[in-house]
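Atoms within a ligand are numbered from 1 in the order they appear, just like the ligands themselves. What's counted below: heavy atoms across the whole structure, side chains too, no hydrogens, waters or symmetry copies. We number each residue from 1, following the sequence as shown.
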Amino acid sequence: MTQFSDFGLEPTILDAVRSEGYTVPTPIQLQAIAPILAGRDLLGIAQTGTGKTAAFALPMLHRLIANRKRAPRLACRTLILSPTRELASQIAEMFRTYGRNLPLRVMTVFGGVAIGPQIRQLANGVDVLVATPGRLLDHMQQRTVRLDLVETFVLDEADQMLDMGFILPIRRVVQALPAVRQNLFFSATMPNEIEKLSRDLLRDPIRVAVTPVASTVEQVDQRVIYVAMADKRRLLSSMLRDAAFARTLVFARTKHGADRVVQHLLADGVDASAIHGNKSQSQRERALQGFRDGRTRVLVATDIAARGIDVEGVTHVVNFDLPNVPESYVHRIGRTARAGAGGIAISFCGHEERGMLRDIEKLIRCRIPANDHDLGSAPPLPLRQNSHAPAPQANRPAPHAKRSPPPAANRYGPPAGQRTRPGPRGQLRHGGGGR
Ligand code: AMP
């Protein structure tokens with residue numbers, strides 16, 4: 001079996017990987033590290049949660065250090081484009097973690113924060129620049145960055161970039177890159193426009209595809225609760241009183257909806273915060289940090305804000321509103337199945353949302369088991385996820401859950417640390433505590 005040590009990575013990078021607790025490469029790492037090290041272009045069809053950041057960060061760090069040189073003023077040696085600020089921060093953090101023993105400069109450039117410090121940092125030249133497209137264009141216009149010396153260009157979450165209207169900005173960034181460079185292109189799905197962009201960008205790429213939509217879904221114990229729209233908030237509060245919901249991500253369809261849910265939870269004495277596009281950068285970071293370090297048990301998010309957020313040990317995802325776009329359901333519930341660990345996803349379905357539920361079930365090719373609920377003090381949700389017995393699997397027709405008395409210790413599932421069920425990649429790290 002291939003180990004990290006078989007790739008010929010710099011020993012200091014291997015040390016960092018080891019101290020992260022990674023023992024075996026994930027499928028995308030197995031397929032992507034060697035070709036990236038060899039300088040090949042790569043098309044990776046992979047979602048977050050598959051270990052894709054390390055799949056590109058480790059070989060990129062190796063190449064930077066193997067060909068050590070100082071980036072001139074304003075220049076960056078590698079450029080990673082990411083759709084959201086949160087994801088950009090996370091990617092940069094991973095570069096810093098894996099490259100902590102290396103003399104490399106890693107920086108992020110995104111909007112919502114002052115541009116001055118970014119200009120000063122860019123002026124010295126950087127090795128790894130992680131940017132969102134809008135703010136990078138600002139820097140290009142102000143000539144506070146030069147991209148003509150980029151050696152490796154990474155486009156991450158390309159399909160999300162398309163959804164957010166970033167295709168033109170990306171094309172403008174690409175025009176500023178040198179003709180000879182390495183390109184790495186990652187996308188969870190390949191709609192036509194993304195396929196075309198990848199063809200324009202990549203030269204003779206290696207194609208790597210991992211984690212088809214269904215396999216994330218398979219690792220999550222999914223339930224739907226049919227509930228009147230007006231009763232959703234009360235149901236959520238009563239559910240969240242159970243301490244088993246140790247780290248719960250709640251999805252609302254709109255920013256205002258997310259705020260209203262948080263207000264309601266706070267009024268009911270449940271500690272919660274919201275993360276969405278109307279929040280300032282520092283508010284978002286504070287909310288995310290509080291959720292990561294366990295100060296806030298409940299984070300209420302919209303789809304865009306949550307996409308790509310990597311927080312370990314999310315015990316439950318609650319779809320307070322069902323998403324309009326069925327694919328979002330898969331992205332949402334994937335937040336509780338990070339790197340091979342299982343989790344629990346509970347969807348509230350109002351009468352008006354039944355069509356959305358049918359579309360989701362069509363996409364994931366299975367029926368989501370229903371749970372009865374009552375709004376009394378002890379909602380009888382037998383949502384225990386047992387680490388020995390397999391949970392209903394998404395790709396088999398799952399039986400409707402029976403109403404059964406909840407196990408005394410925990411009605412909704414064992415604590416995060418005990419939840420791990422050997423998934424297809426049973427070797428992956430799992431545990432509480434955020435990065
Ligand atoms: P990503 O898909 O890059 O968002 O990574 C998802 C999670 O998997 C992150 O928390 C990583 O720290 C973790 N991870 C990445 N590679 C490995 C590995 N080989 N073994 C265990 N965990 C990993």
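Within ligand 1, the atoms closer than 4.0 Å to a non-hydrogen atom of Gly51 are 1 (P), 2 (O), 3 (O), 5 (O), 15 (C), numbered from 1 in the order shown. Of all the atoms in ligand 1, the ones that sit under 4.0 Å from a non-hydrogen atom of Phe4 are 19 (N). The distance from ligand 1 to the heavy atoms of Met94 drops below 4.0 Å at these ligand atoms: 9 (C), 11 (C), 12 (O).
Heavy atoms from other residues, nucleotides or ligands lying under 6.0 Å from CZ of Arg172 number 12 at most.
With 3.5 Å as the limit, one finds a donor-acceptor pair spanning the side chains of Gln118 and Arg135. Inspection of the Ser347 and Asn319 side chains reveals an N or O donor paired with an N or O acceptor under 3.5 Å.
Distances shorter than 4.0 angstrom occur between a heavy atom of Val24 and an atom of ligand 1. The closest approach between any non-hydrogen atom of Gln90 and ligand 1 is not below 4.0 Å.
Residues Ser273 and Leu299 meet the side-chain proximity criterion, which asks for heavy atoms closer than 4.5 Å.
Side chain of Asp148 to backbone of Pro178: no donor-acceptor contact under 3.5 angstrom is found. Checked by atom type and distance alone, the side chain of Thr296 never pairs as donor or acceptor with a backbone atom of Val298 at under 3.5 Å.
Geometrically, ligand 1 and Thr50 share a nitrogen or oxygen pair separated by less than 3.5 Å.
The heavy atom nearest to atom 16 (N) of ligand 1, out of those in Glu93, Gln29, Lys52, Glu312, is found in Gln29.
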